[in-house]
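Reading through the structure tokens given below for one structure.
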Amino acid sequence: MAEDYYTSTWIVLVATSVCSLILLLSFAAFRPLGIKFKDFRNTFNRDKVQSPEMASTSTQLSSDSSSSSNLIRRWSHDVFLSFRGEDTRYNFTDHLYTHLLQRGITTFRDDRLTRGEDTQPELLKAIENSRSSIIVFSKNYTKSRWCLEELAKIMDCRKENGQIVLLVFYHVNPSDVRKQTGSFGEAFTNHEINWKNKVQVWRDALTEAGNISGWDIEDG
């Protein structure tokens, strides 16, 4: 019971932070059109909870000099969820997805239990068309090359398009993500054999992601 409460608290925290983040992004998008922040104030339920990146994001948005054509880009999704299905599909990620939808956050989640080459272009396109991404790192995340492909694409969009990336370290040590040690390192033993041409790209993406502050969830 205590673990369920602990997990629920984290889910509400993440969902609330994302909601506030989307509000900030909406304000930045409409600012060139003369719409003021107070017009958006009551759009979402604004709690005083900030994600690890929200403080820097707020500063970035307040000083951003990007053109209005970039700021008012039409996104298909507010959030893209990247997660390892066998670890969190029916627990943490499912509850987080529900909370985001309840708060009016348009969220992309791939519900297919199996993936093939024909599904990859659709997923990569969904990442490109999302304002932000939430990566739920879990024990078996790096065992899936599809998860690693998503991660690499997300980090590219962060670099090229300024996509906001939020991290959840679910029962994993952020250091293992950053340095590819523990279960994150073990997975690369097979990848080195089967996907040698991809490994360095995936490692670089993990190292970059591991240096971003996130929510470290140890229980639940």
Step-by-step side-chain contact (heavy atoms from CB on, under 4.5 Å) determination, Thr107 to Phe80:
CA-CA 6 Å; Thr107 305; Phe80 179 93; over 6 Å; no
Where Leu167 and Ala209 come nearest, the two heavy atoms and their spacing
CD1-O, 2.9 Å
Can you give me the closest heavy-atom contact between Ala152 and Ala205, atom names plus distance?
CA-CB, 3.9 Å
Measure the spacing between [atom1] of [X] and [atom2] of [Y] and express it to the nearest 0.5 Å.
| X | Y | atom1 | atom2 | result |
| --- | --- | --- | --- | --- |
| Ile105 | Asp78 | CD1 | CG | 5.0 Å |
| Leu206 | Asn211 | CG | CG | 11.0 Å |
| Trp215 | Leu166 | CH2 | CG | 5.0 Å |
| Asp94 | Arg89 | CG | CZ | 9.5 Å |
| Ile154 | Ser82 | CD1 | OG | 4.5 Å |
| Arg84 | Lys143 | CZ | NZ | 8.0 Å |

Does a side-chain N-to-carboxylate-O contact under 4.0 Å join Arg158 and Glu208?
yes
If the threshold is 4.0 Å, N to carboxylate O, is there a salt bridge linking Asp111 and Arg109?
yes
Test ring pair (Phe, Tyr, Trp, His ring centres under 6.0 Å) applied to Phe169 - qualifying residues, sequence neighbours left out
Phe137
Any side-chain heavy atom of [X] sitting closer than 4.5 Å to one from [Y]?
| X | Y | result |
| --- | --- | --- |
| Leu151 | Tyr141 | yes |
| Glu128 | Lys153 | yes |
| Asp216 | Pro174 | yes |

Donor-acceptor contacts under 3.5 Å from residues 179-186 side chains, at least two apart:
residue	atom	partner	partner atom	Å
Gln180	OE1	Arg203	NH1	3.2
Gln180	NE2	Val177	O	3.1
Gln180	NE2	Arg178	O	3.0
Gln180	NE2	Thr207	OG1	3.3
Thr181	OG1	Asp176	OD1	2.5
Ser183	OG	Lys139	O	3.2

Are Glu149 and Lys198 close enough, and set up right, to give a salt bridge (Lys or Arg N to Asp or Glu O under 4.0 Å), and what steps lead you there?
CA-CA 9 Å; Glu149 288 286 275; Lys198 295 274 191 177; 3.2 Å; yes
Tyr170-Thr93 side chain donor-acceptor pair, cut-off 3.5 Å:
no
Please step through side-chain contact (heavy atoms from CB on, under 4.5 Å) for the pair Arg131 and Val79, ending with a clear verdict.
CA-CA 6 Å; Arg131 286 186 177 188; Val79 173; over 6 Å; no
Could you check Phe83 against Asp110 for side-chain contact (heavy atoms from CB on, under 4.5 Å), going step by step and ending with a plain yes or no?
CA-CA 9 Å; Phe83 62 98; Asp110 182 23; 5.6 Å; no
Assess whether side chain to side chain donor-acceptor pair (under 3.5 Å) is satisfied between Ser130 and Gln163, documenting all intermediate values.
CA-CA 8 Å; Ser130 297; Gln163 184 178 106; 5.5 Å; no
Look only at the side chain of His191 and the backbone of Thr142, and say whether a donor-acceptor pair between them is shorter than 3.5 Å.
yes
Stepwise side-chain contact (heavy atoms from CB on, under 4.5 Å) test for Leu81 and Tyr97:
CA-CA 8 Å; Leu81 275 177; Tyr97 177 72; 4.0 Å; yes
